[in-house]
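Sharing a structure, written as structure tokens. Questions coming.
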Amino acid sequence: MSARDPSAAPPGAEDPDGGAAAGTGDLNFVMRARRASLDALTERGFQAFGYSFVRTHTAHECAALIGEGEEGPDVAVAGRIVSWRGHGKTVFAHLGDPSGRIQLYFRKDTLGDALFGAIQHFDLGDVIGVRGPLFRTRTGEVTVRVETVELLAKALRPLPFGKEEVVDGKTVRHSAFADSEMRSRQRYADLAVHAEVRALFVARSAMIRAIRAFLDGRGYLEVETPVLQPLYGGALARPFVTHHNALDMPLFLRIADELYLKRLVVGGLERVYEIGHDFRNEGVDRTHNPEFTMLEFYQAYADYVDMMGVVEALVAAAAAAVRGALGESDPRDGAAAYDDALQEGGFPRIEWVPALSAALGVPDVLDLSDAALRAAAGKAGVASVATLSRPKLLDELFQAHVEAAIERPTFVVDYPIEISPLAKPKRGNPALTERFELFARGRELANAFSELNDPIDQRQRFEAQARLKAAGDEEAVMVDEDYLRALEYGMPPTGGVGIGLDRLFMYLAGIQHIRDAILFPTMRPE
RNA sequence: GACCCGGUAGCUCAGUCGGUAGAGCAGCGGCCUUUUAAGCCGUAGGUCGUGGGUUCGAUCCCCACCCGGGUCACCA
């Protein structure tokens with residue numbers, strides 16, 4: 001609630017007296033009219049905020065119920081008033097519920113003077129319940145001939161409904177609620193007036209449910225690990241810092257689940273997964289929200305080749321769920337869930353070093369001197385090449401030359417060891433690691449490796465990171481002694497995968513902005 | 001962080017080469033018993049993002065700031 005928006009306060013909040021007329025001086029004229037309607041109803045003895053309503057059918061079920069007939073049985077439906085057309089002694093309105101909308105027909109001679117008088121004080125957005133028989137109007141629309149009506153929640157603030165018309169079978173909306181910032185801030189209003197936004201988040205939920213079912217079906221155990229961590233790790237990112245008062249110690253919000261999940265594999269939970277939020281204290285843009293939903297899963301006795309197969313099947317299951325939820329008939333533009341390649345699996349696999357070497361036109365990019373890498377990075381438009389470390393230069397070059405060009409789902413395999421501090425060295429080539437990332441449309445969708453389970457090697461990698469941190473790299477991680485202790489007890493060879501679910505959903509559903517994939521994205525206060 | 005664009009009524013927008021602003025929808029009043037972007041008549045509604053400056057006068061010009069969008073950078 002904003003201090004700068006007095007009208008956002010509850011009735012009487014800024015006026016201790018709280019009378020019906022008090023505290024309304026700052027409200028705009030529309031809201032004053034709503035309060036007047038509420039008062040008028042209350043004076044007539046109408047309950048404006050009901051307690052319950054027994055709905056017998058949804059709007060969608062009503063259409064099925066009447067079939068091809070002209071008359072149908074009595075129904076009780078409930079929802080928001082989304083349109084209202086008064087005609088003197090009759091009113092046509094539409095009621096919106098989760099299944100769709102249904103027309104209501106109010107007649108003065110059916111309702112009686114008192115009830116018909118009362119509904120003159122109904123407004124768009126009010127939540128009502130009505131009962132009456134179904135019929136078809138002369139234009140054929142399924143309609144409830146309302147015999148009784150209850151007001152279940154008076155809308156004291158106008159919802160930004162646009163007007164809808166159907167042109168050639170498609171819904172065209174006029175004067176819709178279009179301010180993307182307001183739609184994100186007031187997601188409740190966005191959802192209330194946009195059925196397609198509700199459908200999108202239903203699809204997101206379906207995708208996550210499908211992923212859980214997929215992993216559960218393969219014997220993975222869903223677990224929960226700490227969000228508040230004394231040391232952060234498992235990724236390279238700047239953390240959020242907080243403080244525990246009673247323990248008088250700093251705590252970090254996790255940037256990854258990885259190190260705790262692998263502790264569980266040490267303990268004999270051989271297949272685990274977690275779906276939860278990670279937090280990274282970095283910039284906000286079209287593809288980054290400070291908190292985001294991460295899936296990580298680990299499988300003992302598997303390597304990265306095994307995990308590629310799991311990822312293909314998991315992405316196929318997620319795509320099927322999104323497609324099922326959004327419907328087959330009218331796919332969103334650019335929604336990859338409708339791409340057959342996702343169902344067929346067998347994503348192409350390209351090797352990191354040869355791919356970059358070919359892009360640069362050199363025999364082996366790893367043989368290039370730092371100076372040559374710097375020159376190539378500068379040519380590719382990478383900023384501040386003079387200060388970047390060798391691993392960083394490699395990473396930047398790969399992003400610029402290879403990642404950005406990948407359109408179809410593709411596995412990139414065998415990353416240089418310098419940019420993969422938690423991955424096992426590649427069999428037969430210790431300069432590389434057994435790691436893959438899945439890319440599509442220039443974006444990373446998954447990151448995975450044969451997990452490093454040699455505690456001596458892992459300690460050396462941590463210490464290299466610690467040196468970077470001492471040299472001023474804010475993203476480098478600290479040595480996690482407890483994690484090393486766990487590895488010293490022995491961790492079976494393990495394949496691990498991380499998938500950002502917001503981005504996977506964006507990819508599958510054809511969403512361009514991460515803000516549109518998250519119900520309540522992080523925003524500045526109003 | 002840099003550059004570009006924007007912030008006007010509840011919503012969607014127009015406009016003012018500087019003279020304190022308009023439309024559609026929503027609202028309010030009236031008419032209308034099968035309408036569906038309902039219609040007709042009437043009416044009300046705005047500190048033109050905030051603060052300075054120039055000016056007789058600023059929503060408009062200038063400066064700063066706030067907020068948002070886009071591009072780039074940062075962020076694997």
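Here is how names work: the chains are called A, B, and so on, in the same order as the sequence lines, proteins then strands, and each is numbered from 1. All figures in this text were calculated on a predicted structure; none of them were measured in a lab.
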### Query
Which of the following nucleotides, B:G10, B:U33, B:G70, is nearest to the side chain of A:H513?
B:G70
### Query
Do the side-chain N or O atoms of A:R85 get closer than 4.0 angstrom to the phosphate oxygens (OP1, OP2) of B:A37?
no
### Query
Base, sugar-phosphate, or nothing for A:D179, non-hydrogen atoms under 4.0 angstrom?
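Sugar-phosphate only.
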### N or O in side chain of A:R515 less than 4.0 angstrom from B:G69 OP1/OP2
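The answer is yes; a side-chain N or O of A:R515 sits under 4.0 Å from OP1 or OP2.
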### B:C62 versus B:C28 - spacing of their P atoms, nearest Å
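One P to the other, the span is 42 Å.
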### Query
Considering only the C1' atoms, how many Å lie between B:C56 and B:C13, rounded to the nearest integer?
33 Å
### Task
May I ask you to say what A:Y105 touches in the nucleic acid, namely base, sugar-phosphate or nothing, with a heavy-atom cut-off under 4.0 Å?
base
### Task
For B:G19 versus B:U33, give the span between their P atoms, rounded off to a whole number of Å.
49 Å
### Task
Return the nearest nucleotide to the side chain of A:F177; candidates are B:U33, B:A26, B:C11.
B:C11
#### Entry: Selected nucleotide, minimal atom distance to A:H87 side chain, candidates B:C32, B:G45, B:C28
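Between B:C32, B:G45, B:C28, the one nearest the side chain of A:H87 would be B:C32.
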### Task
For B:C4 versus B:C75, give the span between their P atoms, rounded off to a whole number of Å.
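After rounding to an integer number of Å, I get 24 Å for this pair.
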### Task
Pick base, sugar-phosphate or nothing for A:F135, based on heavy-atom distances below 4.0 Å to the nucleic acid.
base
### Task
Would you classify A:G162 as touching base, sugar-phosphate or nothing, given that sugar-phosphate means primed atoms plus P, OP1 and OP2, and contacts are heavy atoms under 4.0 Å?
nothing
### Task
Assign A:R145 to base, sugar-phosphate, or nothing according to its heavy-atom contacts below 4.0 angstrom with the strands shown.
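Base, at least one base atom sits under 4.0 Å.
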Distance-only check: which donor-acceptor pairs under 3.5 Å involve side-chain atoms of residues 436-445 of chain A, not counting sequence neighbours?
unit_1 : atom_1 : unit_2 : atom_2 : d
A:E437 : OE1    : A:Y415 : OH     : 3.2
A:E437 : OE2    : A:R435 : NH2    : 2.8
A:R441 : NH1    : A:G334 : O      : 2.6

### Task
Ignoring the backbone of A:F92, work out which of B:G69, B:G27, B:U34 is nearest its side chain.
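Of the options given, the side chain of A:F92 lies nearest B:U34.
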### Query
Which nucleotide, B:A26, B:C74, B:U34, lies nearest any side-chain atom of A:E396?
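Side chain of A:E396 sits closest to B:C74.
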### A:R136 and A:Q103: side chain donor to acceptor below 3.5 Å
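Note: A:R136 and A:Q103 side chains miss the donor-acceptor criterion.
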### Query
Under 30°, 30 to 60°, or over 60°: which ring-plane class applies to A:F398 and A:W352, parallel, tilted or perpendicular?
parallel
### Query
Does A:K89 place a side-chain N or O at less than 4.0 Å from the phosphate oxygens OP1/OP2 of B:C31?
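No, no such contact exists.
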### Query
Is the closest basic N to carboxylate O distance between A:R183 and A:D179 below 4.0 Å?
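No, this pair does not count.
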### Query
What integer number of Å spans the C1' atoms of B:G1 and B:G15?
35 Å
### Message
Need to verify one output field. Residue with the more 5' nearest nucleotide on RNA chain B, A:E437 or A:K108?
### Response
A:K108
### Secondary-structure string, 5' to 3', Watson-Crick or G-U under 3.5 Å, | for another-strand partners, for RNA chain B
(((((((..((((.....[..)))).(((((.......))))).....(((((..]....))))))))))))....
### A:R85 side chain to A:S83 side chain, donor-acceptor N/O pair below 3.5 angstrom
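Per modelled atom types, A:R85 and A:S83 side chains form a pair under 3.5 Å.
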#### Entry: Separation between the C1' atoms of B:U8 and B:G45, rounded to whole Å
14 Å
### Message
Pick the closest RNA chain B nucleotide for A:W84 and for A:H121 by heavy atoms, then say which residue is nearer the 5' end.
### Response
A:H121
Extract all donor-acceptor atom pairs below 3.5 Å that involve side chains of residues 510-520 of chain A and protein atoms in other chains or at least two apart in sequence.
unit_1 : atom_1 : unit_2 : atom_2 : d
A:H513 : ND1    : A:R515 : N      : 3.1
A:R515 : NE     : A:S184 : OG     : 3.3
A:R515 : NH2    : A:S180 : OG     : 3.4

### Message
Applying a 4.0 Å non-hydrogen cut-off, can you work out what A:R183 is touching in the nucleic acid: base, sugar-phosphate, or nothing?
### Response
nothing
### Summary
Among the nucleotides B:U33, B:A26, B:U12, whichever has the atom closest to the side chain of A:A178 is B:U12
#### Entry: Among B:A38, B:G10, B:C67, the one nearest A:R185 by side-chain distance
B:C67
### Task
Name the nucleic acid region contacted by A:Q103, choosing base, sugar-phosphate or nothing; use a 4.0 angstrom heavy-atom cut-off, strictly under.
base
### Message
What I want to check is whether the side chains of A:E396 and A:H401 have a donor and an acceptor closer together than 3.5 Å.
### Response
no
### Query
Using the P atom in both, what is the distance from B:G46 to B:G69, to the nearest Å?
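My reading of the P atoms in B:G46 and B:G69 gives 29 Å.
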## Note on the structure
Among the nucleotides B:C75, B:G69, B:C28, whichever has the atom closest to the side chain of A:S37 is B:C28
### Query
What nucleic acid atoms does A:R238 come within less than 4.0 Å of, heavy atoms only: base, sugar-phosphate, or nothing?
nothing
### Message
Nearest 0.5 angstrom please: A:I499 CD1 to A:E296 CD, how far?
### Response
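Spacing of CD1 (A:I499) from CD (A:E296) equals 10.0 Å.
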#### Entry: Nucleotide nearest A:F29 when distance is taken to its side chain, options B:G45, B:G69, B:C11
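Of the candidates, B:G45 comes closest.
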### Query
Will you find, in the side chains of A:H288 and A:R503, an N or O donor that is under 3.5 Å from an N or O acceptor?
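Distance-only check passes for A:H288 and A:R503.
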